[in-house]
Amino acid sequence: MPVSPDVARWLPTIIFVPLVGFALYRRYKRTFGRQALGPKRMAFRMVLLAVVCTLFAASTPTLAGLGAAAVGAICGGALAAFGLVHTRFEVTAEGKFYTPNGWIGLAVTALFLGRLVARMFTFYVDPAAMQPEPGASPFAQRSALTLGIFFVMAFYYLVYYGGVLWKSRALRVPAEDATGARSRVR
């Protein structure tokens with residue numbers, strides 16, 4: 001039985017929305033509560049975000065897009081600095097841990113995912129509005145707002161992870177003393 005054009009048009013949304021929900025759930029789990037410090041994982045995420053930001057900025061065809069990216073980067077960095085002030089660090093026998101202010105990270109991620117859902121909805125309601133201009137790169141950013149919100153999220157995590165790694169360098173895992181008990185050293 002062939003699929004009607006209306007169903008085929010909404011099928012990606014039907015698949016994408018649960019995936020967005022799952023991504024938010026995973027982000028929620030990682031954002032709230034004590035987190036083990038994983039420097040290699042954080043560094044990998046920072047490099048990946050920096051590469052994606054560079055590619056997006058290089059493919060932005062308009063000055064408005066670059067301005068939105070710059071404003072987003074500044075806002076994301078400021079939110080990360082605020083988040084770092086409200087992050088608690090802890091050193092135990094199991095290792096180094098940090099507890100982020102989960103509301104900030106969740107709000108930044110939800111803002112970005114909400115914007116993506118809005119763009120998808122716009123695409124399915126009016127596909128012609130999402131077509132690139134003739135001669136433009138198919139990867140060109142057509143929405144300065146979407147690019148700005150992406151840069152808020154990306155720079156939030158870039159600056160936040162960098163700050164967590166920088167602050168965690170001063171933390172020392174407690175060493176065992178002669179009695180076998182671990183002492184707390186910061």
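Numbers for residues simply follow the sequence, beginning at 1. For the numbers below, each heavy atom of this structure counts, side chains included, while hydrogens, waters and symmetry mates do not. Remember, it's a predicted structure, so these values are computed and weren't measured experimentally.
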Single-linkage hydrophobic cluster, 4.5 Å side-chain cutoff, V71 and I74 together
no
For a 4.5 angstrom cut-off between non-hydrogen side-chain atoms, does S168 reach Y98? no
**Prompt:** Looking at side-chain heavy atoms only, is the closest gap between F82 and I104 below 4.5 Å?
**Reply:** yes
**Request:** Examine F89 together with F97 and report whether their ring centres are nearer than 6.0 Å.
**Result:** no
Taking the side chain as C-beta and beyond, is there a heavy-atom pair between M42 and V164 under 4.5 Å? yes
* **pair T92-R34: side-chain heavy atoms closer than 4.5 Å** => yes
dist L145:CG -> R115:CZ (nearest 0.5 Å) comes out at 4.0 Å
Exactly one of F155, Y157, Y156 clears side chain to side chain contact (heavy atoms under 4.5 Å, CB included) with M153, and that residue is Y157
When rounded to the nearest 0.5 Å, the distance separating CZ of R45 from NZ of K40 is 15.0 Å
d(L79 CG, N101 CG) to nearest 0.5 Å is 10.5 Å
Here the gap from L111 atom CG to I149 atom CD1, rounded to the nearest 0.5 Å, amounts to 4.5 Å
Requested in this report: List the steps and the verdict of side chain to side chain contact (heavy atoms under 4.5 Å, CB included) for F151 and C75.
Outcome: CA-CA 9 Å; F151 271 75; C75 291; over 6 Å; no
Q. So if you build clusters from Ile, Leu, Val, Met, Phe, Trp, Tyr with side-chain heavy-atom gaps below 4.5 Å, do L147 and L49 land together?
A. yes
- Item | Path from L37 to V159 over hydrophobic side-chain contacts below 4.5 Å | no
